[in-house]
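Single-structure report; data block below.
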Amino acid sequence: MRWTQTLISTLRDAPQDAEIPSHKLMIRASLIMKLGGGLYTFLPLGLKALRKVERIVREEMDRAGALEVLMPALQPREIWDQSGRYEVLRDGMFKIRDRQDREMVLGPTHEEVITDLAARQINSYRQLPKTFYQIQTKFRDEIRPRFGLMRAKEFSMKDAYSFDVSWEAADASYQAMYDAYVRIFARCGLATKVVEADTGAMGGNFSHEFMVLADAGEDGLAECEGCTYAANLERAERATPARDPETTPQHPEAVVTPGKKTIEEVSAFLKLTPDRLIKTLIYLANGKPIAVLVPGDRDLNEHKLARALGGVTLQMADDQTIAKVTGAPVGFSGPVGLKIPVYADLDLKTPRVAAVGANVADTHLRNVLLNRDASVTEFYDLVIVREGDACPRCGKRLREKRGIEVGHVFKLGTKYSKTFDAGYLDADGNRQISVMGCYGIGVTRTLQAIIEQSHDANGIIWPLSVAPYQVCLVVPNTQHAESVRVAEDFLKTLEAQGVDVLFDDRDERPGVKFKDADLLGIPIRVVVSERSLADGKVEIKLRTEADKKMIPLADAVAFVESIIRGEK
RNA sequence: CGGGGCGUAGCGCAGUCCGGUAGCGCGCCAGCUUUGGGAGCUGAAAGUCGUGGGUUCAAAUCCCACCGCCCCGACCA
């Protein structure tokens, strides 16, 4: 391809609305263009790279035995009512009506549709196991789209769904997808970290996320310095901290703390460090008030709380509810004398002298011992894990990192197969329910994650496998006819070999061309110039390396091909 | 939805406080020179100053409302 025939308009400056490196580079390198918040057009260069990621995904899905299908993005509301997720996802979905006033949604995911497919198409255990996948545009009404393709309203996703005769069999399907994911991301040149994850609104009981470690990542994760434990912060657990039990002969003493509501305010006022306070939060669990206690210097992890209480729906209590159950305004809640269930973090199980809200306006209690002065319904690990906490597996230190979630594999179980009656007849003629798994890869997000993980001050550094072009052919001076002639020859030969070549045939100064080549990040740069031709050579430079090699004209094509085959 | 910021030519920005002929750099177009790391000169094109209303002799600038975009938070598969 000739530069002058395709459409590549590079930008010297990044638009003001791009924040992170990958986003800026995608715009500057002319890969994508914004239409509106969370909506992007793929320009020719960006689309070429996207197609390469898709091809890798397809090849590995096919290799893993998954079957490609294509389901409608436009779906009737009814199947979402049937699964009950119309209510669960609600505002997260784009909803539209057709001219008959029938309600439709633009699919944010396809569990409902695929399970309906399986229910109709699969009748016998002989047809199982089956894994289906598709690469398709998803729509989600994101509260806050951001960072270009990282969180968009419309994006490309590879979703796969497995159906098995049993839980044991489902494990094998899960593992096959897990292994395929490892290969896919490796082939994309991505270093990923697999973490245990929360299943959220998807349901199911077990899942792993594939994370690309990056400061710009939206997810926090914890990894152990000593063992392989790693988990999304939404799920990460910690070993109960060891500490000596405390006691005091003193009894709870009311202290007037006018207007001191937050931990910081109370801590400063009482001259106690935050860990000497106990934070009392009032929640509604499935609509019923409960109190949750965590050390004053820690934050509650709502996901863990919801799971500990058997998957309840949590909601922070409103001011009226708090006043009703504690007898005091917000900011002065405490566990002493509460008549509602009280759940406390494990760290609080070991008695310690602390200050708490008094359930009286402008008043706190100090010298409180939880085990003596209050009653706790149950202790669980409830706080958000942070750097330095102890690993739940081996007790060593946990480290905090940030990551971009590019893939997620779930063991779903029978949640959807039950509601859609996706089952089969077993060998004995008995009706059984299929066990499902579901597996997603954010394809457009993966593309951007590659750039986020592989760039430098000059631009993108594409891995060969996903680079829009493998070779960038540069003629520094297009006035030099011989250079152009040799380059044209080169272009023809390489393209005939199936190599993706971008020939920079613009009448630009050399500096412009080199800067652009670096910005675009094409892995192999071949320069044909009057200078190199004088020695009968061309110059070959890899984007990943600083040095260039001078290769005799006659060997150049073979040299490039050997690089592409991974031999150089 | 809460907090903050921004909206002026394709991109980056100045001008807004203090009302008075809409500017700069890059890019784009034409010509000449130049040709190994974002060239020089000359000339040209390009702007409903986010939208609507108001105040005023006069509004990019002051007032009101709305829209869009970005960041933080809440939320999230």
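Reminder, nothing fancy here: chain letters follow the sequence lines and each chain counts from 1.
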Would you tell me if any nitrogen or oxygen in the side chain of A/R144 comes within less than 4.0 Å of OP1 or OP2 on B/rC72?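 Result: yes.
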
If you compare every side-chain N and O of A/R146 against the phosphate oxygens of B/rC72 (OP1, OP2), does one of them come in below 4.0 Å?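 Answer yes for this pair, as a side-chain N or O of A/R146 is under 4.0 Å from OP1 or OP2.
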
Just to be sure I understand the rule, does [X] reach a base, reach only the sugar-phosphate, or reach nothing, if contact means heavy atoms closer than 4.0 Å?
X      : answer
A/V527 : base
A/Q16  : sugar-phosphate
A/D518 : base
A/K34  : sugar-phosphate
A/K548 : base
A/G92  : base
A/Y439 : nothing

Do A/R28 and B/rG12 share a donor-acceptor pair, side chain to base, under 3.5 Å?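 For A/R28, whose side chain was compared with the base of B/rG12, there is no donor-acceptor pair (under 3.5 Å).
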
Assess whether one donor atom and one acceptor atom, taken from the side chain of A/N477 and the base of B/rG36, lie less than 3.5 Å apart.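 There is none.
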
Can you tell me how far [atom1] in [N] sits from the matching atom in [M], rounded to whole Å?
N      : M      : atom1 : value
B/rU21 : B/rC63 : C1'   : 25 Å
B/rG73 : B/rG19 : P     : 40 Å
B/rC66 : B/rG3  : P     : 14 Å
B/rC26 : B/rC17 : C1'   : 29 Å
B/rA58 : B/rA39 : P     : 48 Å
B/rA45 : B/rC24 : P     : 13 Å
B/rC1  : B/rG15 : P     : 32 Å
B/rU55 : B/rG23 : P     : 29 Å

Mind calculating the distance between [atom1] ([X]) and [atom2] ([N]) to the nearest angstrom?
X      : N      : atom1 : atom2 : result
A/L11  : B/rG12 : CG    : P     : 8 Å
A/R509 : B/rU33 : CZ    : C1'   : 10 Å
A/D141 : B/rC75 : CG    : P     : 17 Å
A/D516 : B/rA39 : CG    : P     : 11 Å
A/I8   : B/rC11 : CD1   : P     : 19 Å
A/R506 : B/rG27 : CZ    : P     : 12 Å
A/M93  : B/rC76 : CE    : P     : 15 Å
A/I143 : B/rC69 : CD1   : P     : 15 Å

Who is the Watson-Crick or G-U wobble partner of [N], with both distances under 3.5 Å?
N      : answer
B/rC18 : none
B/rA30 : B/rU42
B/rA74 : none
B/rC69 : B/rG5
B/rC11 : B/rG25
B/rG36 : none
B/rU48 : none
B/rA59 : none

Which listed nucleotide (B/rC11, B/rG38, B/rG37) is nearest to the side chain of A/D13?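 Side chain of A/D13 sits closest to B/rC11.
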
If you check every side-chain atom of A/V512, which of B/rG38, B/rG25, B/rC69 has the closest atom?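 Of B/rG38, B/rG25, B/rC69, B/rG38 is nearest to the side chain of A/V512.
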
Taking for each residue the nucleotide of RNA chain B with the nearest heavy atom, is it A/M157 or A/K153 whose nucleotide lies nearer the 5' end?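 It is A/K153 whose nearest nucleotide is closer to the 5' end.
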
Nearest-nucleotide 5' precedence on RNA chain B, A/A18 against A/P15: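 Per heavy-atom nearest nucleotide, the more 5' residue is A/P15.
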
In terms of side-chain geometry, is the basic nitrogen of A/D164 or A/K411 positioned less than 4.0 Å from the acidic oxygen of its partner?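 Salt bridge absent between A/D164 and A/K411.
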
Taking the ring centre of each residue, are A/F503 and A/Y469 less than 6.0 Å apart?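 No, the ring centres sit 6.0 Å or more apart.
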
Between A/Y161 and A/F132, ring centroids under 6.0 Å: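 No: the rings miss the under 6.0 Å criterion.
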
Distance-minimising heavy-atom pair for A/Q453 and A/L213: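 Nearest pair, atom of A/Q453 first, then A/L213: NE2-O, 4.0 Å.
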
I need the minimum non-hydrogen distance between A/R445 and A/E218, along with the two atoms involved.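 The answer is NH2-OE2, 4.5 Å.
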
Could you tell me how the ring of A/Y174 sits relative to the ring of A/Y439: parallel (under 30°), tilted (30 to 60°) or perpendicular (over 60°)?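 A/Y174 and A/Y439: tilted rings.
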
Using the rule side chain to side chain contact (heavy atoms under 4.5 Å, CB included), only one of A/V182, A/I404, A/T446 pairs with A/F210; which is it?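 Of all the options given, the one that passes is A/V182.
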
Residue pair A/L520 / A/W462, side-chain heavy-atom distance below 4.5 Å: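 The answer is no; the side chains never approach within 4.5 Å.
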
